[in-house]
*Asks:* 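Next up is a structure, given as structure tokens.
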Amino acid sequence: MKLSPLPHPDASELLGWYDRHHRELPWRVSPVMRRNGKVADPYHIWMSEVMLQQTTVQAVKAYFEKFLSLWPTVGDLASADTEDVMKAWAGLGYYARARNLKKCAEAVVALHDGAFPQTVEGLRRLPGIGDYTSAAIAAIAYDIRALVMDGNVERVVSRLFSVREALPGAKPILKAYLETLTPAERPGDFAQAMMDLGATICTPRRPACSLCPWRESCVALHQDDPENFPVKEAKKEKPVRQGAAFVAVDEGQRVLLRKRPDTGLLGAMTEVPTTGWTASRDGETGINAAPFAGDWKPTGAITHVFTHFELRLSVYRADVESAGAKPNNGWWEPVANLDGEALPTVMKKAIAAAIPHAFQRIKRK
DNA sequence: AAAGCGGGGCA
DNA sequence: TGCCCAGCTTT
């Protein structure tokens with residue numbers, strides 16, 4: 001146990017590290033370019049930040065490029081067809097983000113003449129933009145000294161100061177510490193540096209403390225173990241739900257699809273007909289809940305893990321003549337077109353179980 | 001304050 | 001297999 005106080009972490013140490021070791025990202029303006037006067041495009045920063053909510057950088061890159069290619073400006077996105085936005089977002093998850101992305105673009109055009117607000121408060125009022133995202137856009141796009149605290153920053157700060165309180169209750173304490181770290185100069189680079197540090201050095205497990213620019217200041221490193229932080233409340237165990245999915249294929253190699261309700265789980269996304277997803281099997285989660293009578297044959301089972309439950313679906317297939325089947329509020333889509341549909345991953349798994357050649361890269365488990 | 005809301009990568 | 005990820009909205 002070290003009794004003498006450690007030096008307080010200095011932002012200049014982190015910024016110097018960031019100048020040398022920052023990652024190149026499609027939406028990022030490098031510190032060198034920033035010094036040369038280049039400013040970040042608020043539309044790009046907003047797009048990347050929404051995609052990055054609870055989502056890894058690696059997963060976001062391809063989607064970011066696709067969205068910028070399809071809709072180069074916020075005006076283009078505002079006037080886009082919402083269904084096309086959902087199709088482009090399919091596979092990235094948390095689909096309320098896509099619905100709010102569209103609403104936000106419309107609001108920026110309608111209320112702000114196509115220019116994003118340049119204050120934290122103005123940004124915070126827009127759909128899909130909360131405390132983190134409003135601060136991040138303000139800092140990164142406008143170099144405003146906002147307090148940007150995401151999961152990475154929570155981890156870094158909790159270790160630096162060895163915060164014993166458990167998340168999420170510890171957030172106000174962590175934010176107070178972050179206030180003492182955030183500089184008046186280069187706050188945008190500082191915010192990105194904190195996240196790069198958390199992503200590459202101060203990782204959840206086996207952090208590379210010997211490479212950390214703040215290793216001399218980290219209380220957890222000197223007095224405890226960084227891997228013990230942040231402390232988190234125990235989480236509840238995931239319940240299992242079960243049901244059945246029905247893949248109908250007609251004589252033209254078309255699949256019966258339908259649209260889910262606009263709100264709730266997988267809102268506004270496309271699906272194959274399924275039973276309800278219930279805690280235990282009963283009469284309504286079996287084959288007799290098929291969309292129409294037919295020669296339904298079991299083709300396997302798939303498992304998909306959502307945030308708050310695990311889903312096990314028995315998959316049935318029937319080969320039918322579409323003229324004789326009754327797709328109430330559904331439509332027949334050629335198998336060859338399925339890649340362009342707004343199908344969430346769980347639905348691609350179900351279809352792949354019934355039609356093995358439909359999706360190449362989809363696993364059943 | 002707590003719950004609902006995806007999907008993938010990693011040790 | 002469990003944990004985590006540039007969180008937000010609704011109740």
Side-chain angles (χ1 to χ4, degrees), chain A residues 22-23 25-28 44-64 86 89-101 103-104 123-141 146-156 166-169 171-172 188 190-200 202-207 227 229-230 232-239 241 260-261 263-269 277 303-311 342-349 361-363 365:
Chain A
H22 69 87
R23 297 177 290 174
L25 300 173
W27 49 86
R28 173 172 286 176
H44 296 186
I45 301 305
W46 164 71
M47 179 76 71
S48 67
E49 289 301 340
V50 172
M51 288 181 169
L52 286 162
Q53 289 165 6
Q54 295 290 284
T55 308
T56 56
V57 166
Q58 189 54 38
V60 163
K61 282 181 180 174
Y63 283 86
F64 177 83
M86 302 311 292
W89 197 276
L92 195 56
Y94 284 144
Y95 298 98
R97 292 186 296 172
R99 304 194 293 273
N100 285 328
L101 190 82
K103 289 181 192 168
C104 183
L123 291 163
R124 181 66 179 77
R125 292 187 206 103
L126 292 167
I129 297 184
D131 288 337
Y132 163 76
T133 305
S134 55
I137 297 172
I140 298 170
L147 298 184
V148 181
M149 197 171 75
D150 73 327
N152 285 305
V153 177
E154 287 174 357
R155 186 170 58 254
V156 170
L167 285 169
K171 284 193 178 190
F190 174 82
Q192 296 179 88
M194 288 289 279
M195 295 188 277
D196 271 23
L197 187 73
T200 64
C202 197
T203 50
R205 280 160 297 185
R206 297 192 53 179
E227 282 203 25
F229 301 89
K232 298 200 172 183
E233 296 289 356
K235 45 185 67 176
K236 302 193 304 184
E237 78 174 282
K238 235 168 241 196
R241 297 186 197 172
R260 292 177 61 84
T263 58
L265 184 69
L266 307 177
M269 298 297 283
W277 303 346
T303 296
H304 190 77
V305 181
F306 291 97
T307 304
H308 54 296
F309 67 93
E310 176 183 322
L311 177 63
L343 288 165
T345 297
V346 62
M347 293 302 157
K348 291 185 177 179
K349 288 183 185 177
R361 294 180 53 259
I362 293 295
K363 298 171 184 173
K365 190 171 183 304

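Excluded from the calculations below are hydrogen atoms, water molecules and symmetry mates; all remaining heavy atoms, backbone and side chain alike, are included.
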*Asks:* Between dG6(B) and dC3(C), how far apart are the two C1' atoms, rounded to whole Å?
*Replies:*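 Approximately 15 Å lies between the C1' atom of dG6(B) and that of dC3(C).
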
*Asks:* Nearest whole Å is fine: how far is dC8(C) C1' from W89(A) CH2?
*Replies:*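 Taking atom C1' of dC8(C) as the reference, CH2 of W89(A) is at 12 Å.
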
*Asks:* Would you say the base of dG8(B) and the side-chain of T55(A) have a donor-acceptor pair closer than 3.5 Å?
*Replies:*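 By the distance-only test, no, there is no pair.
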
*Asks:* Any base atoms under 4.0 Å from T133(A), or only sugar-phosphate, or nothing? Heavy atoms, all strands.
*Replies:*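 If one applies the 4.0 Å heavy-atom cut-off, T133(A) turns out to touch the sugar-phosphate alone, with no base involved.
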
*Asks:* If you assign each of M195(A) and R205(A) to its closest nucleotide in DNA chain C, which residue comes earlier from the 5' end?
*Replies:*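 On the 5' side of the pair lies R205(A).
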
*Asks:* E227(A) side chain to R206(A) main-chain N or O, any donor-acceptor pair under 3.5 Å?
*Replies:*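 Judged by distance alone, yes, a pair lies under 3.5 Å.
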
*Asks:* Report which part of the nucleic acid K236(A) touches: base, sugar-phosphate, or nothing (heavy-atom distance under 4.0 Å, all strands).
*Replies:*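 The residue K236(A) makes sugar-phosphate contact but no base contact.
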
*Asks:* Applying the side-chain contact (heavy atoms from CB on, under 4.5 Å) test to L311(A), which of T303(A), V346(A), V305(A) qualifies?
*Replies:*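 Single side-chain contact (heavy atoms from CB on, under 4.5 Å) partner of L311(A) among T303(A), V346(A), V305(A): V346(A).
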
*Asks:* For W46(A), report the nucleic acid contact type (base, sugar-phosphate, nothing); a contact means any heavy atom under 4.0 Å.
*Replies:*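 Counting heavy atoms under 4.0 Å across all strands, no contact is made by W46(A).
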
*Asks:* So what does F306(A) hit on the nucleic acid, given a heavy-atom distance under 4.0 Å: a base, only sugar-phosphate, or nothing?
*Replies:*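 The answer is sugar-phosphate, as F306(A) gets under 4.0 Å only of primed atoms, P, OP1 or OP2.
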
*Asks:* Provide, to the nearest angstrom, the distance between the CG atom belonging to L126(A) and the P atom belonging to dT9(C).
*Replies:*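 To the nearest whole Å, that distance equals 10 Å.
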
*Asks:* Look at all strands and tell whether L101(A) reaches a base, only sugar-phosphate, or nothing, counting heavy atoms closer than 4.0 Å.
*Replies:*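 Contact class for L101(A): none.
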
*Asks:* Is the ring centre of H308(A) less than 6.0 Å from the ring centre of F306(A)?
*Replies:*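 For H308(A) and F306(A), the ring centres are not under 6.0 Å apart.
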
*Asks:* Flag yes if more than 12 heavy atoms outside K238(A) fall under 6.0 Å of its NZ atom; otherwise flag no.
*Replies:*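 Yes, the 6.0 Å shell around NZ holds more than 12 heavy atoms from other groups.
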
*Asks:* Could you work out the separation of dA6(C) and dG4(B) based on their P atoms and round it to a whole Å?
*Replies:*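 25 Å, rounded to whole Å.
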
*Asks:* Output the distance between atom CZ (R124(A)) and atom CD1 (I129(A)), rounded to the nearest 0.5 Å.
*Replies:*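 Rounded to the nearest 0.5 Å, the CZ-CD1 separation comes out at 9.5 Å.
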
*Asks:* Would you say dC5(C) has OP1 or OP2 under 4.0 Å from some side-chain N or O of R155(A)?
*Replies:*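 Checking R155(A) against dC5(C): at least one side-chain N or O falls below 4.0 Å of OP1 or OP2.
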
*Asks:* Could you pick out which residue, Y94(A) or R206(A), lies toward the 5' side of DNA chain B when each is mapped onto its nearest nucleotide?
*Replies:*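 It is Y94(A), whose closest nucleotide lies nearer the 5' terminus.
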
*Asks:* Applying the side-chain contact (heavy atoms from CB on, under 4.5 Å) test to I140(A), which of Q192(A), H44(A), R28(A) qualifies?
*Replies:*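 Of the listed options, the one satisfying the test is Q192(A).
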
*Asks:* Check whether any side-chain nitrogen or oxygen of Y95(A) sits under 4.0 Å from OP1 or OP2 of dG7(B), and answer yes or no.
*Replies:*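 Yes.
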
*Asks:* Side-chain N or O of T56(A) less than 4.0 angstrom from OP1 or OP2 on dG8(B)?
*Replies:*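 Result: no.
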
*Asks:* For G198(A), answer base if it contacts any base atom (sugar-phosphate contacts may also be present), sugar-phosphate if it contacts only those atoms, and nothing otherwise; contact means non-hydrogen atoms under 4.0 Å.
*Replies:*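 The residue G198(A) makes no contact with any strand.
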
*Asks:* Just the rounded figure in Å: distance from P of dA6(C) to CZ of F190(A).
*Replies:*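 So the two atoms are 16 Å apart, to the nearest Å.
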
*Asks:* Between dT9(C) atom C1' and L265(A) atom CG, what is the distance in whole Å?
*Replies:*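 Whole-Å distance recorded here is 15 Å.
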
*Asks:* Which part of the nucleic acid does P344(A) contact within heavy-atom distance under 4.0 Å: base, sugar-phosphate only, or nothing?
*Replies:*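 Sugar-phosphate contact only - P344(A) comes under 4.0 Å of backbone atoms but never of a base.
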
*Asks:* Measure from the side-chain heavy atoms of K235(A) and tell me the nearest of dA6(C), dC4(C), dA11(B).
*Replies:*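 The listed nucleotide nearest to K235(A)'s side chain is dC4(C).
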
*Asks:* Under 4.0 angstrom, heavy atoms only, what part of the nucleic acid is V50(A) near: base, sugar-phosphate, or nothing?
*Replies:*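 Here V50(A) touches no strand at all.
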
*Asks:* Check if the side chain of T307(A) and the base of dG6(B) share a donor-acceptor pair of N or O atoms closer than 3.5 Å.
*Replies:*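 Indeed there is one.
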
*Asks:* Using only side-chain N and O atoms of Q53(A), determine if any of them is under 4.0 Å from OP1 or OP2 of dG7(C).
*Replies:*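 For Q53(A), the contact criterion (side-chain N or O under 4.0 Å from OP1 or OP2 of dG7(C)) is not met.
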
*Asks:* Verify the distance criterion only: is there a donor paired with an acceptor across the side chains of Y132(A) and Q53(A) at less than 3.5 Å?
*Replies:*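 No, no side-chain donor-acceptor contact under 3.5 Å.
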
*Asks:* Taking NE2 from H304(A) and C1' from dG8(B), how many angstroms apart are they, rounded to a whole number?
*Replies:*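 From H304(A) NE2 to dG8(B) C1': 10 Å.
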
*Asks:* Base, sugar-phosphate, or nothing for I140(A), non-hydrogen atoms under 4.0 angstrom?
*Replies:*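 The residue I140(A) makes no contact with any strand.
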
*Asks:* With a 4.0 Å limit, can you tell me whether H308(A) has a side-chain N or O closer than that to the phosphate oxygens OP1/OP2 of dC5(B)?
*Replies:*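 Yes.
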
*Asks:* How close or far is atom C1' of dC8(C) from atom CG of D150(A), stated in whole angstroms?
*Replies:*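 After rounding, the reported distance stands at 14 Å.
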
*Asks:* Take atom CZ of R97(A) and atom C1' of dC8(C), then tell me their distance rounded to the nearest Å.
*Replies:*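 These atoms are roughly 10 Å apart.
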
*Asks:* What is the separation between atom CD on E49(A) and atom C1' on dC8(C), rounded to the nearest whole Å?
*Replies:*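 Atom-to-atom, E49(A) to dC8(C), this comes out as 14 Å.
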
